[in-house]
2 protein chains.
Amino acid sequence: MGPVPEGAEAYRREFPTRVTSSAGQADRRPGIKDVAAIAQVSVGTASDALNGSGRVASRTRARVRQVAEAIEYRPSTLARSFRTNKSHTIGLSIRPFGGAPWQYLAVSYYARLLSAATAEALQRGYALIVLPPNTPQILGRIVIDGAIIADPSPYDLLTDELDLLGVPFVSDLSRMDDPAALCVGNDHAAAVTTVCAHFRSQGARSVGMLLSDGTEDYNTRSLHGYQTWCARNGAPVRVERASTVDPVAMAKAADRLMTGPDRPEAVYTTEGPAGHLLQEAARRNDLRVPDDVLLACAEVPVAGREQLDLTTLNLNAEHVAAQAVDLLAQTLEDQHPIDRHRVVDTTLHVRGSSTRTTSS
Amino acid sequence: MGPVPEGAEAYRREFPTRVTSSAGQADRRPGIKDVAAIAQVSVGTASDALNGSGRVASRTRARVRQVAEAIEYRPSTLARSFRTNKSHTIGLSIRPFGGAPWQYLAVSYYARLLSAATAEALQRGYALIVLPPNTPQILGRIVIDGAIIADPSPYDLLTDELDLLGVPFVSDLSRMDDPAALCVGNDHAAAVTTVCAHFRSQGARSVGMLLSDGTEDYNTRSLHGYQTWCARNGAPVRVERASTVDPVAMAKAADRLMTGPDRPEAVYTTEGPAGHLLQEAARRNDLRVPDDVLLACAEVPVAGREQLDLTTLNLNAEHVAAQAVDLLAQTLEDQHPIDRHRVVDTTLHVRGSSTRTTSS
DNA sequence: ATGAAAGCGCTAACAG
DNA sequence: CTGTTAGCGCTTTCAT
């Protein structure tokens with residue numbers, strides 16, 4: 001018999017049922033010691049040969065690899081992860097939305113974030129695990145190297161547990177005061193300012209704001225940006241808030257912005273799905289868009305985007321995801337990124353709902 | 001000092017920098033041996049006490065747990081996974097769609113499948129990992145206990161690798177001939193029959209079919225069901241196929257179904273996003289819906305569902321996901337489910353696009 | 001260039 | 001009831 005037995009058959013012939021304890025189960029997956037035994041090297045050498053550490057003769061490496069291929073050896077990812085203390089997985093937690101905890105995929109921003117984060121992570125050799133928000137217990141069962149917390153509520157329970165476990169995570173700009181924190185997000189204050197300026201350029205003197213009643217960072221920043229703009233431009237502040245969970249409440253809030261003698265000449269909402277609620281409210285109140293009131297919203301459900309002819313603020317979820325994954329990956333690979341706070345630009349897509357056709 | 005030091009401070013006081021090799025890094029996470037040392041028990045006892053194996057005196061268990069709590073001990077999930085050979089994760093792979101590999105979230109069926117699978121998995125203590133389709137290499141880096149392959153192409157490379165690794169997986173009904181395979185899916189043939197029967201009940205004598213040119217199970221089954229229905233009912237077969245990737249080709253295919261003297265009186269498409277393509281094609285060809293042609297489609301993008309007034313076939317993605325996770329979880333927990341092939345019902349939602357208002 | 005051996009942190013079998 | 005010990009499968013020194 002030659003020194004290099006080839007194929008799984010030869011392997012089985014030479015090592016018939018290598019099982020130690022319970023007889024009969026010859027179907028156990030081959031381990032690295034099987035490879036080593038057949039290739040007539042030690043496990044250490046086999047490991048080096050397979051991982052290409054360079055310190056093994058090319059002839060023996062070839063032999064070891066040949067054997068590994070022949071018996072279809074696959075290293076145990078579990079053991080390897082354990083040994084290297086890396087699982088190559090990152091968690092992504094998205095805040096609850098619309099009552100149901102997983103409703104968020106209906107919001108284009110989060111769907112895009114998830115897609116892009118998954119793609120970007122995989123490209124770098126990480127898999128993405130979808131985590132529930134506010135459920136730190138899950139971290140006791142599963143393994144992640146790092147995490148991305150999208151739009152955490154100010155007291156998200158996950159973050160504390162992650163800190164305790166020493167798992168690095170990226171969150172939004174709400175943690176910017178901590179220079180060590182990893183932050184990626186939009187400058188929502190600037191975004192709102194852009195929208196308001198656009199409204200004004202179209203002749204609107206007053207702008208109303210439809211906000212969620214949540215306490216996420218984007219909410220507070222958007223509100224702050226709005227208030228600042230109003231103050232600087234001598235415009236009245238007109239804010240309505242309602243729970244994102246409750247479309248009826250949202251619709252009523254929209255109605256409040258469309259009625260009364262002092263109703264604003266333009267309305268913006270940070271809640272994408274509320275975009276068409278604004279359109280419906282305008283219709284209910286016999287206001288023509290854009291003639292009587294200008295409208296815009298941040299993101300919008302994917303389908304029917306064009307049909308709605310709605311001016312939108314693109315938060316560039318793909319960029320956010322890419323930056324977040326990049327920042328996390330660098331940190332996990334001990335590259336100590338210098339720019340740990342990253343602000344992603346927003347883009348205003350002007351469409352019919354905010355373009356004055358007749359001068360007022 | 002009492003026998004039970006409380007709090008991390010006491011711990012650090014008593015065991016100042018327990019590090020063995022490199023001095024100075026006192027920030028290493030406490031392990032089970034730290035807990036054991038402080039609680040004055042062996043690691044085995046500590047493990048039993050923490051995992052509630054029942055064989056330890058309640059007094060000592062209390063003490064051990066108290067210590068663990070005090071020093072904020074968290075078991076290494078990596079080590080535990082390694083030891084128990086379980087990672088509590090399942091992979092979900094969804095076929096590529098629309099060119100971009102992650103575009104599928106725009107398709108409501110897949111978005112719902114992902115949401116529901118994630119929720120169901122977490123409820124059972126599993127986390128869900130989003131896997132790319134046709135990329136078996138990823139399985140060499142990450143750890144999963146099982147997998148769900150949604151709509152695999154007939155030669156999906158993932159399945160072979162999963163078999164090799166001994167990772168159980170659920171796929172669709174295309175593997176029903178293997179009694180050991182785990183299968184969950186809709187009976188697409190029956191679904192198409194339902195749609196055709198509905199069309200006929202509304203007076204349509206002929207039904208056209210707009211299909212993807214893919215080779216997924218739902219495609220072949222839908223086509224087969226359609227052909228069978230036509231044969232049984234003496235209706236002409238009129239099938240157009242186009243790549244889901246290519247909306248232009250899809251639109252052209254839709255046009256072909258709307259023109260000519262022998263154009264069908266009703267059209268169904270299995271591709272949700274093509275639903276409104278059918279509507280547009282009808283408009284282009286001056287056909288009124290539903291007067292001149294009846295329309296229906298399987299699933300539809302989430303937003304604007306009501307506005308489109310389109311009859312849809314609900315594939316009940318949530319049920320599919322729940323059954324798939326259930327089947328997988330049972331298998332992983334060695335419960336050897338008897339019903340390894342599970343067929344999920346579909347539901348026809350009749351709306352305006354297929355309801356004859358005037359009798360023809 | 002290669003082999004031998006020491007663990008990673010934890011669980012589980014066995015011994016007391 | 002509790003302590004001791006043997007690994008899980010692999011990577012990584014340290015010798016040779």
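Just so you know, these numbers use all the heavy atoms, side chains as well, and skip hydrogens, waters and symmetry mates.
- With C:dG3, D:dT2, D:dT5 as the candidates, the nucleotide lying closest to the side chain of B:Val56 is D:dT2.
- No engagement by A:Asn85 is indicated, since no non-hydrogen atom pair under 4.0 Å with the nucleic acid exists.
- By the 4.5 Å heavy-atom criterion applied to side chains, A:Leu128 and A:Leu114 are counted as neighbours.
- Side chains of B:Val41 and B:Val56 form no contact here, defined as non-hydrogen atoms less than 4.5 Å apart.
- Within a 6.0 Å sphere centred on CD of B:Glu69, heavy atoms belonging to other residues, nucleotides or ligands number 12 at most.
- Among the protein residues, B:Gly31 comes within range of the sugar-phosphate backbone only, with heavy atoms under 4.0 Å from sugar or phosphate atoms but none that close to a base.
- Using a 30° and 60° split on the angle between ring planes, B:Tyr110 and B:Tyr104 fall in the perpendicular class, above 60°.
- At a threshold of 4.0 angstrom between heavy atoms, the contacts of B:Arg80 are confined to the sugar-phosphate backbone, with no base atom among them.
- Spacing between atom CZ of B:Phe82 and atom C1' of C:dG7 amounts to 11 Å, rounded to whole angstrom units.
- One interatomic measurement links the two molecules: NZ of B:Lys33 to C1' of C:dT11, which rounds to 14 Å at whole-angstrom precision.
- Taking 4.0 angstrom as the limit, B:Ser42 places a side-chain polar atom (N or O) nearer than this to OP1 or OP2 of D:dG3.
- As rounded to whole Å, 8 Å separates atom P of D:dT12 from atom CG of A:Asn51.
- At D:dC10, one or more side-chain N or O atoms of A:Tyr73 fall inside 4.0 Å of OP1 or OP2 (strictly under the cut-off).
- For B:Arg342 (side chain) and B:Ala324 (main-chain N/O), no donor-acceptor pair under 3.5 Å exists by modelled atom type.
- Atom CD1 in B:Ile32 sits roughly 13 Å away from atom P in D:dG3 (whole-Å rounding).
- Here the P atom of nucleotide C:dA1 and the CZ atom of A:Arg59 are 14 Å apart, to the nearest Å.
- Contact annotation for B:Ser47: base contact, defined as any heavy-atom pair under 4.0 Å involving a base atom.
- When distances are taken from the side chain of B:Arg83 to each of C:dA12, C:dT2, D:dT2, the shortest belongs to C:dA12.
- For C:dC8, neither phosphate oxygen OP1 nor OP2 lies less than 4.0 angstrom from any side-chain nitrogen or oxygen of A:Thr84.
- Between A:Ser76 and D:dC10 there is no side-chain N or O to OP1 or OP2 distance below 4.0 Å.
- For the pair B:Leu165 CG and D:dG9 P, the computed distance is 14 Å after rounding to whole Å.
- A straight line from NZ of A:Lys86 to P of D:dG9 spans 23 Å, rounded to a whole angstrom.
- Going from atom CG of A:Asp48 over to atom P of C:dA5 covers 17 Å, rounded to whole Å.
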